[in-house]
Undergrad: 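The structure under discussion is supplied below as structure tokens; questions concerning it will follow.
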Amino acid sequence: MRFRSLRFATISISPARPKTLLHLRRFLSSSIAARIPPPMAASEESLRQALAEKQSAVDAQAHAVRALKARPGGAAQAEIDAAVEALKALKVDAGAAARRLQAALSNNGDGAAASSREAFRQAVVNTLERRLFYIPSFKIYRGVAGLYDYGPPGCAVKSNVLAFWRQHFVLEENMLEVDCPCVTPEVVLKASGHVEKFTDLMVKDEKTGTCYRADHLLKDFCKEKLEKDLTLSPEKAAELKHVIMVLDDLSAEELGAKLKEYGITAPDTKNPLSDLYPFNLMFQTSIGPSGLSPGYMRPETAQGIFVNFKDLYYYNGNKLPFAAAQIGQAFRNEISPRQGLLRVREFTLAEIEHFVDPDDKSHPKFVDVANLEFLMFPREEQLAGKSAKPMILGEAVLKGVVNNETLGYFIGRVFLFLTWLGIDKDRLRFRQHLPNEMAHYAADCWDAEIECSYGWIECVGIADRSAYDLRAHSEKSGVPLVAHEKFPEPREVEKLVIVPSKKELGLAFKGSQKMVVEALEAMSEKEALEMKATLESKGEMDFHVCTLGKTVSIMKKMVSISMDKKKEHQRVFTPSVIEPSFGIGRIIYCLFEHSFYTRQSKAEDEQLNVFSFPPLVAPIKCTVFPLIKTQKFDDVAKIIAKSLTAAGISHIIDITGTSIGKRYARTDEIGVPFAITVDSTTSVTIRERDSKQQIRVSIDEVASVVKEVTDGQSTWGDVMWRYPTHSAAHTEEE
Ligand code: AMP
């Protein structure tokens, strides 16, 4: 939730799909390499500087021409002509400098690249919508912004992603999975802070009332200026880039001040904007018919786990650490949903709450991920305007860049999860939260961000939230949500005991006595020991009581402070929680983009779309095509389909009789990795989607071969060695 010396050998996780990357790169041109805007690329800075100089030379010359023309008595015509010629030459120079800058901006990913990204996105989204991966909800009634349905292939991809999530996290770590209601009573979300603080800052068009997210307006303004305003000075351009970089770190006051400073108006009407104010993102409802029991649709699944902590801890044999997990819907009434599946009003979250002793955040399996190397973006690098850099996870933890091993362990596991799903590791980075972005109680937070055509998108938040949530629910519910550490031998401990004398305090402070007593009892150990020393040496001491808003004088007889020795058999403490929180829809959308490419048809007259999903996430693992329409091939196809079902492999039979090339193209477009073509009654071919290579396999073996490659026991390369390759008797053009 956002309220706002060891040597490690490096292993590299090689993406299994170099081909995909190649195609995608080509599609996006080299611009995709432009990551978060650098503070100011050297050439861009010098080009802006050159343009500013040329422009001021033009201004000075224009001034000189005007002065000559206005000279009393008149300047000589020849002198004026020479000055005008010089002005023209300077204007030509300035024009050339402007064009050079424009070209540099395009190459930096700011101009032409934006339209190529847009074209790529359109191609992906058109395919996704046409093949029913997803559909705007309630489409026949013109839809509702921020609500989407998954169609059949989308549902299948989502269910594969969730199945892998369960296997990779829940099964691997023996997590306790729960399933809690979406409707949540107000008291729970008051305790968690959502009722008060789960807000975004909003501004309204003063005339039409249209609402906008304040930070979005500021970001859009800065981006547009950077892309289109060639007269920006290098200093101003650097400033705007910096604003984009620290946007999440700005306080409400700073954000409001920037909107005013830049004179930002409503984007559609150019009307003035209201002051900014907070808008709570939760959908409110009431539970039961009386209307007396307010509730909300949960904005995250985590609270369901926190409120069950006591029972889950007991279920786990009263032992720490342990993790609970939940997959479910979350609801956020986003102010301006945009970017398709990336910012929606109802979405699937998969969350883990890993409870750990705050004094020991080591992780026994950290060694398993310590050697991973991937892009990390620590806060210092962000503030210095640098880019994300490859770091070895073990070193990042050792150097304290990542706060602790358990947080580091989850960062590593998230990296593996995403890359095994098919996310391109070169377009995945872990970005540390900036100081203001992180809740005050949090120890450290990192977001897994994936780059897609919309830029870098936060897809997984991984936060060490310390003991905040359990403490908050303990206080509100009165049920202690704590853990116990039994000592092998009782331990003698010193405990601070503060005993205010109610009689003396009553005489001295009368009606204010209660407030003074509470303030004395709330003193920290350090404050109490200082008071004890002062009272012993001076007999009295000034003491500030916040609830009274004044300082009172405390006499020695009014309070007794001592350190008493006690035997303790156990330590009672509130566990810290480390929370990886996965936005499933965002991950899936990025996966769609990272998997999409186009290739030419054999006849070179058509661009064919392909989703190169790894078998793990492919919506359907295999198709069965009788090569020609005859009863005997249809019968073989049915036998194969039966054996695929028995092996648990999702498949479809296409007996439409259209050309085999068309049938391949149709299933490539929904990312089916393998196609079985029935061209005889004894053996068939299996075709791999991306390489288009084919092998010949006997009918008895075909299901087990497909199972091997879809389960990940073997790669396509492995099985290629074992079976004869099929020399394209029936190929794409058929
Ligand atoms: P948060 O609790 O705000 O850190 O969100 C947890 C995760 O939920 C984020 O990392 C996103 O992946 C996802 N998420 C947050 N808001 C939305 C939204 N409006 N639409 C889709 N996914 C979201």
Side-chain angles (χ1 to χ4, degrees), residues 1-4 134 136-137 144-150 154 158 161-162 165 184 189 192-194 197-202 213 215-216 248 279-283 296-306 325-353 407 410-411 414-415 417-418 421 423 428-434 437-439 441-442 444-452 454-465 468-469 577-593:
M1 178 203 10
R2 163 91 41 93
F3 298 137
R4 312 228 105 166
Y134 71 88
S137 303
V144 178
L147 296 180
Y148 290 93
D149 301 337
Y150 284 100
K158 182 175 169 188
V161 168
L162 292 178
W165 190 86
T184 310
L189 295 160
S192 65
H194 284 90
K197 296 200 194 107
F198 195 60
T199 54
D200 271 342
L201 291 165
M202 181 162 93
R213 241 179 88 165
D215 57 342
H216 285 174
D248 288 337
F279 170 76
N280 195 301
L281 297 183
M282 289 194 295
F283 287 95
Y296 296 90
M297 302 305 288
R298 64 181 176 192
E300 59 175 26
T301 64
Q303 301 308 321
I305 297 179
F306 296 136
Q326 175 161 209
I327 296 173
Q329 295 303 89
F331 304 82
R332 299 185 186 181
N333 200 2
E334 295 287 348
I335 295 170
S336 46
R338 51 186 197 174
Q339 304 179 326
L341 290 184
L342 295 181
R343 186 167 299 284
V344 290
R345 288 178 164 144
E346 178 179 344
F347 53 96
T348 304
L349 268 180
E351 294 193 290
I352 295 166
E353 308 300 328
L407 188 65
F410 280 108
I411 290 176
V414 169
F415 170 81
F417 172 72
L418 293 173
L421 273 186
I423 294 295
L428 165 64
R429 70 180 185 195
F430 288 81
R431 188 183 69 81
Q432 191 173 32
H433 280 200
L434 294 169
E437 208 181 335
M438 203 162 75
Y441 46 78
D444 195 11
C445 298
W446 292 77
D447 286 341
E449 295 185 332
I450 303 176
E451 192 185 40
C452 69
Y454 292 104
W456 286 98
I457 303 299
E458 174 207 336
C459 290
V460 187
I462 310 150
D464 181 337
R465 300 175 50 76
Y468 174 82
D469 306 278
V577 64
I578 289 167
E579 177 192 81
S581 170
F582 299 71
I584 296 299
R586 287 192 180 178
I587 295 172
I588 289 176
Y589 179 76
C590 292
L591 188 61
F592 288 152
E593 279 206 6

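FYI, side chains are in, hydrogens and waters are out, and symmetry mates aren't considered; it's all heavy atoms of this structure. Counting from 1, the numbers follow the sequence of the chain as shown. When a ligand or atom number is given, it counts from 1 through the structure's own listing order.
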Undergrad: With heavy-atom distances below 4.0 Å as the criterion, list the atoms of ligand 1 near E334.
TA: 18 (C), 19 (N)

Undergrad: Could you list the residues that satisfy ring-ring contact (aromatic ring centres under 6.0 Å, His included) with Y134, not counting sequence neighbours?
TA: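 Only Y148 meet the ring-ring contact (aromatic ring centres under 6.0 Å, His included) criterion with Y134.
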
Undergrad: Please list, in number order, the atoms of ligand 1 under 4.0 Å from a heavy atom of C459.
TA: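 That gives atoms 10 (O), 12 (O) of ligand 1.
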
Undergrad: Does this structure show an ion pair linking R431 with D248, if we count only N-O contacts that are shorter than 4.0 Å?
TA: yes

Undergrad: Does the R465 side chain pair with the main chain of C445, one donor and one acceptor, at a distance under 3.5 Å?
TA: no

Undergrad: Mind checking whether L342 contacts ligand 1 via backbone (N, CA, C, O), side chain (CB onward), both or neither, at a 4.0 Å heavy-atom cut-off?
TA: backbone

Undergrad: Against heavy atoms of V460, which atoms of ligand 1 measure under 4.0 Å?
TA: 10 (O)

Undergrad: Checking F410 now: which residues fulfil ring-ring contact (aromatic ring centres under 6.0 Å, His included) with it, not counting sequence neighbours?
TA: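 Partners of F410 by the ring-ring contact (aromatic ring centres under 6.0 Å, His included) criterion, ordered by chain and then number, come out as H354.
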
Undergrad: Just do the side chain to side chain contact (heavy atoms under 4.5 Å, CB included) check on I462 and F430 with the steps written out, would you?
TA: CA-CA 9 Å; I462 310 150; F430 288 81; 3.9 Å; yes

Undergrad: If only atom types and distance count, is the side chain of R338 paired as donor or acceptor with the main-chain N or O of R343 below 3.5 Å?
TA: no

Undergrad: Please tell me if the side chains of F417 and V161 come closer than 4.5 Å, counting only heavy atoms from C-beta onward.
TA: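 Answer yes - side chains close enough.
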
Undergrad: Decide whether the shortest distance between a heavy atom of G585 and an atom of ligand 1 is less than 4.0 Å.
TA: no

Undergrad: Heavy-atom distances under 4.0 Å decide this one: backbone, side chain, both or neither, for E458 against ligand 1?
TA: both

Undergrad: Examine the proximity of ligand 1 to L349 and report which part, side chain or backbone, both or neither, has a heavy atom under 4.0 Å away.
TA: side chain

Undergrad: Taking only heavy atoms of G583, which atoms of ligand 1 are found under 4.0 Å from at least one of them?
TA: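 It comes down to these atoms of ligand 1: 8 (O), 12 (O), 13 (C).
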
Undergrad: Please check this pair: side chain of N280 against backbone of N333, looking for a donor-acceptor N/O pair closer than 3.5 Å.
TA: no

Undergrad: Return yes or no for this condition: an N or O of L341 is under 3.5 Å from an N or O of ligand 1.
TA: no

Undergrad: Nearest heavy atom to atom 2 (O) of ligand 1: which of R332, E300, E579 does it belong to?
TA: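 Going through R332, E300, E579 one by one, R332 has the nearest heavy atom to atom 2 (O) of ligand 1.
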
Undergrad: Can you list the ligand 1 atoms lying under 4.0 Å from a non-hydrogen atom of G461?
TA: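 Counting atoms of ligand 1 from 1, those under 4.0 Å from G461 are 10 (O).
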
Undergrad: Is it the case that ligand 1 has an N or O less than 3.5 angstrom from some N or O of V344?
TA: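 There is such a contact, yes.
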
